[in-house]
There are 2 protein chains.
Amino acid sequence: MAKTVKLADVAKAAKVSQGTVSNVFNRPDMVSPEMRERVMAAADSLGYRGPDPRGRLLRAGRVNAIGVVTSDYLRNFFENGYTRRFLAGIAEECERHGAGLSLVSAQNDEIADWNIRTAVVDGFILNCVVEGSRLVDLAARRGLPFVAVEFPPESGFNVVAADDDQGGRLAASHLIGLGHRRIGILSLEFDDSDKTGIVSEERAAQARYSPTRKRLHGYRETFAGAGLDPRSIPIYETFNDRETVEAGVDAVLEAVPGLTAFLCMSDVIAIAAVHHLQARGLRVPEDVSVIGFDDIDDAASLDPPLTTIRQDIEEKGRVAMRKILGASEGEPVSSVILPVDLVVRRSTGPAREP
Amino acid sequence: MAKTVKLADVAKAAKVSQGTVSNVFNRPDMVSPEMRERVMAAADSLGYRGPDPRGRLLRAGRVNAIGVVTSDYLRNFFENGYTRRFLAGIAEECERHGAGLSLVSAQNDEIADWNIRTAVVDGFILNCVVEGSRLVDLAARRGLPFVAVEFPPESGFNVVAADDDQGGRLAASHLIGLGHRRIGILSLEFDDSDKTGIVSEERAAQARYSPTRKRLHGYRETFAGAGLDPRSIPIYETFNDRETVEAGVDAVLEAVPGLTAFLCMSDVIAIAAVHHLQARGLRVPEDVSVIGFDDIDDAASLDPPLTTIRQDIEEKGRVAMRKILGASEGEPVSSVILPVDLVVRRSTGPAREP
DNA sequence: ACCTATTTTTGAATCGATTCAAGTTTGGTA
DNA sequence: TACCAAACTTGAATCGATTCAAAAATAGGT
């Protein structure tokens with residue numbers, strides 16, 4: 001393939017204008033059948049298969065593809081139980097609309113800036129569970145439309161989020177209803193300071209990440225309504241990974257003698273906590289109950305099956321994709337809050353006696 | 001944002017040439033510090049954040065992104081145990097090289113043609129486990145470099161594949177060594193004819209999909225070496241999904257009275273087979289042994305843990321990405337065959353007496 | 001001050017397509 | 001035959017950046 005064949009070459013070979021060749025490929029109804037055949041014959045003889053997407057992109061301005069941005073490593077898209085489901089929903093909606101899908105890593109500041117600035121996409125879906133403000137800033141500066149998932153709905157951007165407050169309330173109510181009073185919380189990150197450990201009252205009041213703040217708000221509101229002092233219930237901030245969850249389980253068990261239950265802000269945390277409790281010789285739920293959040297695939301197949309707050313993660317992905325496609329069509333900015341449900345399985349049971 | 005600020009606008013505001021502004025952003029070492037400051041000041045005052053990737057793409061010709069193509073639905077990238085691992089490897093290597101990653105669906109002929117023709121990428125990684133020829137044709141016609149994963153290594157293209165022959169030999173040898181003689185095979189697809197069911201000898205000789213053909217060849221070679229007539233061992237062609245695997249298990253159990261083992265061409269097939277055998281009241285491995293191929297994540301956590309042929313799926317993804325990046329740099333076409341190993345867990349045991 | 005080598009800057013052409021107002025052709029009707 | 005409306009075709013400008021040979025500027029040595 002010594003030389004690229006251009007649309008202009010086809011036009012010359014067929015002795016027609018470039019505009020006509022463009023119409024043959026893009027708007028065939030606007031061209032007479034004879035002309036269509038003439039142009040296709042010329043294209044075939046030159047080995048031209050259709051317009052080069054690079055030329056089209058510059059002139060038309062759009063590429064019909066969306067970038068999904070994560071602040072984690074790209075491989076997390078294929079590994080993390082929550083993220084996989086979210087992406088599956090996005091992928092399904094992409095295919096329904098014939099849109100392309102690009103994966104964009106924002107794993108550190110430098111990479112994020114470069115990738116968001118140079119990705120050839122029409123808009124972004126930002127996975128803002130953690131580090132959302134950074135992603136939102138960068139996307140806004142790129143000047144393309146974006147949807148911020150799990151960003152504060154009151155922020156004024158296009159947002160899709162689960163009802164995290166309600167999820168927190170349902171989870172805490174479930175444990176209270178089972179008689180639990182000595183409870184520990186294993187949380188998601190509060191902000192981007194890479195801090196892990198027992199959370200002070202001051203820090204708890206200043207959670208910057210919306211899911212963390214709202215789930216905690218739901219938990220605490222419910223404790224207060226049940227006559228429990230929210231400040232008596234320790235919070236351990238984790239990185240949503242096995243190592244910090246294990247450290248958190250150990251620390252909270254030590255801080256609350258006779259603890260009977262853990263509230264976990266994600267199923268990934270809950271699953272790691274169950275495994276660690278069992279490794280310490282504690283039975284779930286007989287000795288310690290564990291409730292998660294998300295209802296990812298692994299929740300039901302855990303031994304024992306995990307009680308959790310269910311959000312339709314795939315629907316979140318689908319709604320986010322529909323919103324970004326709509327934003328490109330000029331739809332007004334709005335927020336969508338998705339409902340959550342309590343799913344009782346076998347990781348929670350009545351509180352044991354002291 | 002009423003009007004897009006272009007590089008040319010910055011050049012005018014800073015009273016320098018467009019070439020200089022381009023150099024400031026792309027080759028800052030070639031510009032004097034004073035000039036750099038002057039241009040950046042102008043850019044900042046105009047709100048210009050850097051070159052528009054669309055203009056760059058057309059002139060520079062490259063976008064520094066790779067498209068991964070599947071002949072399945074896009075969501076399969078996030079759901080199928082084998083595919084997820086493969087993509088995780090690709091994603092990791094992408095990030096290491098600062099390259100973008102696009103997911104490209106080739107789910108049917110029309111979509112495949114359009115998507116491969118219009119994807120804004122520098123090259124493709126084709127997931128050719130099934131329907132590889134179609135994908136290879138389309139990618140070749142697009143005129144971009146590509147890597148065909150699990151395409152026949154002798155095809156002359158850039159190929160990355162597991163040593164499927166050897167994997168077949170290891171799996172069959174393992175069962176023979178355990179005393180199994182009444183064996184059934186649950187295979188992947190033979191060609192694109194959407195056919196499922198017991199495979200005739202004629203069809204078995206004409207498998208067009210390389211992984212199917214080579215794994216079967218390894219199985220049969222080993223049977224022959226052990227004095228077993230390969231034609232006495234039925235093959236059931238599945239779609240690598242639960243439904244056809246269950247039908248295959250039932251059909252093969254009926255065709256081979258006293259059958260003691262299944263050879264499954266993927267772990268996805270093997271896991272579905274184990275579940276179905278157990279649902280039929282058969283014990284694995286006491287009544288029927290099952291061996292898979294791939295060693296995906298779910299293999300070890302199956303009950304009982306699955307004996308399988310292990311291939312380093314992530315390494316396959318990494319190698320494929322390195323090859324496509326190298327192809328874009330002018331590296332010669334070549335094939336890479338990745339080694340496989342037998343991993344004995346608890347889904348295989350000695351053949352029971354008749 | 002002059003010369004040479006190196007560094008910096010220039011700017012028109014190029015990349016390949018789409019766009020859309022104007023021009024041309026065709027078909028139907030009076 | 002003439003006129004009008006609809007269908008079809010035209011083609012230069014535009015999209016926004018990079019390129020690279022030539023021109024200009026700078027620095028160092030004699």
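All values derive from a computational prediction rather than experimental measurement. These numbers come from the heavy atoms of this one structure, side chains and all, not from hydrogens, waters or symmetry mates. A, B, ... follow the sequence lines: proteins, then strands. Residue 1 opens every chain.
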B:N23 side chain N/O closer than 4.0 Å to the phosphate oxygens (OP1, OP2) of C:dT9?
-> no

Check ion pair A:R141-A:D113 (N to O, under 4.0 angstrom) = no

For atom CD of A:E34 and atom C1' of D:dT9, their distance in whole Å | 13 Å

Figure out the CG/C1' separation between B:L58 and C:dT18, and round it to whole Å.
-> 12 Å

Taking for each residue the nucleotide of DNA chain C bearing the nearest heavy atom, is the 5' side occupied by B:K15 or by A:D52?
-> B:K15

Report which part of the nucleic acid A:R27 touches: base, sugar-phosphate, or nothing (heavy-atom distance under 4.0 Å, all strands).
-> sugar-phosphate

Can a side chain N or O of A:R56 be found less than 4.0 Å away from OP1 or OP2 on C:dT18?
-> yes

What's the closest nucleotide to the B:V31 side chain, out of D:dT9, C:dT9, C:dT10?
-> C:dT9

Whole Å only: how far is the CE atom of A:M30 from the C1' atom of C:dA21?
-> 12 Å

Parallel under 30°, tilted from 30 to 60°, perpendicular over 60°: which one fits the rings of A:F25 and A:Y48?
-> perpendicular

So does B:Y48 get a side-chain nitrogen or oxygen closer than 4.0 Å to the phosphate oxygens (OP1/OP2) of D:dA17?
-> yes

Tell me: CG of A:D29 to P of D:dC8, nearest whole Å?
-> 9 Å

Are A:E34 and A:R38 ion-paired here, with the side-chain N under 4.0 Å from a carboxylate O?
-> no

If you check every side-chain atom of B:S22, which of C:dC15, D:dT19, C:dT9 has the closest atom?
-> D:dT19

Distance-only donor-acceptor test, B:R59 side-chain atoms vs C:dT14 base atoms, 3.5 Å | yes

Interatomic distance where CG belongs to A:L57 and P belongs to C:dT19 [whole Å] = 12 Å

With the side chain defined as heavy atoms from C-beta on, A:S17 is closest, among D:dG11, C:dT19, C:dT18, to D:dG11

Please give, in whole Å, the distance from D:dG16 P to A:R62 CZ?
-> 15 Å

Closest to the A:V16 side chain, choosing from D:dT10, C:dA17, D:dT18 = D:dT10

How long is the line joining CG of A:N26 and C1' of C:dG16, in whole Å?
-> 13 Å

Is the distance from OP1 or OP2 of D:dT9 to the nearest side-chain N or O of A:S32 less than 4.0 Å?
-> yes

Salt-bridge criterion met for B:E150 and B:K316 (N-O under 4.0 Å) = yes

Is it true that B:R322 and B:E329 make a salt bridge, defined as a side-chain N closer than 4.0 Å to a carboxylate O?
-> no

A:G55 or A:Q18: which one's nearest nucleotide on DNA chain D is closer to the 5' end?
-> A:Q18

Spacing between B:K6 atom NZ and D:dT18 atom P, to the nearest angstrom | 14 Å

